[in-house]
Amino acid sequence: MLDPKLLRQDIDDVAKRLLVKGFELDTNRFNELESKRKALQTHTQELQNIRNTKSKSIGQAKAQGQDVQALLDEVAKIAGDLENSEKEFHAVQQDYDAFLANIPNIPDESVPEGKTEDDNIEIRTWGEPTQFDFEAKEHDQLGEALGLLDFETAVQMSGSRFAIMYGPFVRLHRALIQLMIDTHTREHGYEEIYVPYLVTDKALYGTGQLPKFADDQFKVESEHNHYLIPTAEVPVTNTVRDQILPEADLPIKYTCHTPCFRSEAGSYGKDTRGLIRQHQFEKVELVWVVKPEESVEALEQLTQHAETILQKLQLPYRVVALCGGDLGFSATKTYDIEVWLPGQQRYREISSCSNCLDFQARRLHARWRNTETGKPELVHTLNGSGLAIGRTLVAILENYQDAKGNIQVPEALWPYMGHVREITAR
RNA sequence: GGAGAGGUGGCUGAGCGGUUGAAAGCGGCGGUCUUGAAAACCGUUGAGGGGUAACCCCCCUCCCAGGGUUCGAAUCCCUGCCUCUCCGCCA
């Protein structure tokens with residue numbers, strides 16, 4: 001959520017900057033709500049003040065044994081007004097909050113203009129696109145030919161966008177999780193955390209997936225109003241909800257492996273084959289909770305931590321800065337890491353690293369105590385994939401294939417694979 | 001699943017329906033003392049929001065959440081959520 005004060009002070013500037021994200025802020029609607037809110041709030045509070053004052057004198061008068069009928073009559077006179085005023089105020093307040101809840105975060109000054117991923121700016125590349133002296137195959141062909149990847153059987157029990165894997169692929173998949181978690185905990189200073197995979201609507205609201213993106217979530221039918229998590233970002237970031245963190249606890253750096261569930265509504269026809277866009281996939285997430293002045297640098301570090309994994313796996317990639325139109329709801333700035341896929345002959349997103357500033361923190365009431373001022377202030381939150389497991393598996397299959405369609409195991413994974421160095425047909 | 005107990009500030013923990021936004025302790029901050037630190041002593045210290053250009057200041061709201069009773073609710077009533085203890089079941 002944006003700071004309402006910012007909107008009151010300079011709504012035209014906010015509207016201008018949100019346009020970079022392709023969001024049209026209804027400034028008239030806001031100004032209307034704001035003037036209503038102000039009038040009703042001050043009026044309500046005036047009446048409350050009168051009631052409180054009179055009630056207090058009733059107590060005092062009674063204590064002295066005086067007659068209080070006159071005072072009771074006075075309070076009764078404003079009772080109706082007060083009730084109406086309170087009701088109207090609460091109604092406007094609700095509209096006001098709902099309006100604010102649908103406004104995305106303001107993009108950072110550095111965010112390039114643009115509408116689609118074609119307008120993203122390449123920041124750096126690492127490695128050279130893999131070359132073969134044969135025609136590179138796509139991962140799903142490779143996997144199915146080896147008998148280790150099976151989409152057809154998955155369709156029978158779950159429909160499209162699900163997969164079944166066997167033996168070495170599952171082990172490779174598990175090895176990737178281990179490599180990532182070990183790297184982040186041992187080399188990058190993260191604490192590993194385990195979290196619920198079912199969360200409430202409140203939790204999703206806190207990180208910004210609700211109310212706007214309800215269609216992207218899987219809701220579980222039960223008495224609890226649970227949703228399957230679309231990313232570990234949701235439960236992990238929610239660990240600081242309603243907290244006032246001591247300054248000494250910051251920065252908090254969590255890494256977390258979870259499955260993720262996404263309905264992929266609105267992506268019909270996109271990536272219908274293969275493991276790229278599944279309803280269920282695994283991810284190792286990186287989440288930072290920091291003091292405001294540290295978040296800009298934190299995004300750089302977090303992104304590098306994710307890159308480290310690709311470097312260890314010797315997978316060529318590039319980092320792009322997302323343009324305004326491609327930026328997520330809660331993010332002010334995002335770097336995507338895209339890995340080279342020889343089968344597809346293009347870079348594909350494998351990680352998305354975002355700084356949310358205080359946007360999520362305001363929704364979560366996540367604060368830290370500033371020892372200089374002694375006051376609680378909002379933290380900044382960041383998150384990024386470090387990395388998406390399924391897509392990393394895809395990248396390995398395509399970059400480490402040989403002419404026979406077998407897969408060489410990257411050296412960094414040998415210790416996690418019982419020193420198996422080659423994956424062959426089942 | 002059955003039976004009890006309870007949810008109060010950063011933490012622990014008091015609180016006859018009426019100057020209680022809340023005793024006390026801990027912690028934090030400031031000071032005295034000290035070469036310095038500790039101890040001791042004194043003072044200070046909840047959060048959110050609104051009014052104001054802003055400070056001072058003033059006002060409102062908040063004692064798990066949502067309703068209700070009342071002139072007035074942390075306190076009484078209802079519902080929900082959560083926690084703890086005991087029993088049962090169980091990966």
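All figures in this text were calculated on a predicted structure; none of them were measured in a lab. Per chain, numbering begins at 1; letters A, B, ... match sequence-line order.
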Task: Full working for side-chain contact (heavy atoms from CB on, under 4.5 Å) between A:N383 and A:V236 - done: CA-CA 10 Å; A:N383 63 77; A:V236 175; over 6 Å; no

Open item on the list: Has A:S267 got a side-chain atom pairing as donor or acceptor with A:E264's backbone, closer than 3.5 angstrom?
Closed with: yes

TODO: In whole angstrom, give the distance that lies between atom CD of A:E86 and atom P of B:C59.
DONE: 18 Å

TODO: To the nearest Å, give me how far apart CG (A:L72) and P (B:C71) are.
DONE: 7 Å

Task: Main-chain N/O of A:M1 paired with A:R362 side-chain donor or acceptor, under 3.5 Å - done: yes

TODO: Specify the separation, in whole Å, of atom CG of A:L47 and atom P of B:C60.
DONE: 12 Å

Open item on the list: Any strand counts, and the cut-off is 3.5 Å on both contacts for Watson-Crick or G-U wobble. Which nucleotide pairs with B:A91?
Closed with: none

- [ ] Measure centre to centre between the rings of A:F261 and A:Y197, then say whether the value is under 6.0 Å.
- [x] no

Task: Distance in angstrom units between A:Q243 CD and B:C11 C1', rounded - done: 13 Å

TODO: Can you tell me the distance, in whole Å, between the CD atom of A:E372 and the C1' atom of B:G30?
DONE: 16 Å

TODO: Sticking with atom P, work out how far B:G80 lies from B:C86, rounded to a whole angstrom.
DONE: 25 Å

TODO: Taking atom C1' in both B:G88 and B:G46, compute the distance separating them and give it to the nearest angstrom.
DONE: 43 Å

Open item on the list: Using the C1' atom as the point on both nucleotides, what is the distance between B:A74 and B:C64, in whole Å?
Closed with: 12 Å

- [ ] Take atom P in B:C63 and the same atom in B:G68, then report the distance between them in whole Å.
- [x] 15 Å

- [ ] Look at the rings of A:W288 and A:H305 and say which category their plane angle falls in: under 30° parallel, 30 to 60° tilted, over 60° perpendicular.
- [x] parallel

TODO: Searching all strands shown, indicate the nucleotide that pairs with B:C11 (Watson-Crick or G-U wobble; both distances under 3.5 Å).
DONE: B:G25

Open item on the list: Is the ring pair A:Y190/A:H188 parallel, tilted or perpendicular, if the boundaries are 30 and 60 degrees?
Closed with: perpendicular

TODO: Determine the Euclidean distance between corresponding P atoms of B:A39 and B:C29; express it in Å to zero decimal places.
DONE: 12 Å

Open item on the list: Counting primed atoms plus P, OP1 and OP2 as sugar-phosphate and everything else as base, spell out the protein contacts along nucleotides 46-54 of chain B at 4.0 Å heavy-atom distance: B, S or - for each nucleotide, 5' to 3'.
Closed with: -SSBSSS--

- [ ] Scan A:Q60 against the nucleic acid and name what it touches under 4.0 Å (heavy atoms): base, sugar-phosphate only, or nothing.
- [x] base

- [ ] Determine which nucleotide pairs with B:U20, using a 3.5 Å limit on both distances of a Watson-Crick or G-U wobble pair.
- [x] none

- [ ] Provide the Watson-Crick or G-U wobble partner of B:A38, both distances under 3.5 Å; none if there is no partner.
- [x] none

TODO: Indicate, with a heavy-atom threshold strictly under 4.0 Å, whether A:N52 touches base, sugar-phosphate, or nothing.
DONE: sugar-phosphate

TODO: Can you tell me, in whole Å, how much space there is between the P of B:G36 and that of B:G43?
DONE: 24 Å

- [ ] Find the distance A:I58:CD1 to B:A73:C1' and express it as a whole number of Å.
- [x] 15 Å

TODO: For nucleotides B:A73 and B:G18, find the distance between their C1' atoms and express it as a whole number of Å.
DONE: 10 Å

Task: Integer-rounded Å distance: B:C29 C1' and A:E247 CD - done: 14 Å

Open item on the list: Roughly how many Å apart are B:U8 and B:U20, using the P atom of each and rounding to a whole number?
Closed with: 22 Å

- [ ] Please give the nucleotide sitting opposite B:C82 as a Watson-Crick or G-U wobble pair, both distances under 3.5 Å, or none.
- [x] B:G6

Open item on the list: My understanding is that a pair needs two contacts under 3.5 Å, Watson-Crick or G-U wobble. By that rule, which nucleotide pairs with B:C62?
Closed with: B:G46

Task: Any A:N49 side-chain nitrogen or oxygen under 4.0 Å from OP1 or OP2 of B:C59 - done: no

Open item on the list: Assess the residue pair A:D336 and A:N120 against the criterion (side-chain hydrogen bond (donor to acceptor under 3.5 Å, both in side chains)); give the C-alpha distance rounded to whole Å, side-chain angles, the decisive distance to 0.1 Å, and a yes or no.
Closed with: CA-CA 9 Å; A:D336 270 9; A:N120 295 342; 5.3 Å; no

Task: Name of the residue among A:I103, A:D95, A:N102, A:D97 meeting side chain to side chain contact (heavy atoms under 4.5 Å, CB included) with A:F99 - done: A:I103

Open item on the list: I need the CG-C1' distance between A:L82 and B:U70, as an integer number of Å.
Closed with: 14 Å

Open item on the list: Between the base of B:G18 and the side chain of A:K62, is one N or O donor paired with an acceptor at under 3.5 angstrom?
Closed with: yes

- [ ] Identify the nucleotide, in any strand shown, that forms a Watson-Crick or G-U wobble pair with B:A54, with both distances under 3.5 Å; if there is none, say none.
- [x] none

Open item on the list: Strictly below 4.0 Å, N to O, side chains only: are A:K87 and A:E83 in salt-bridge contact?
Closed with: yes

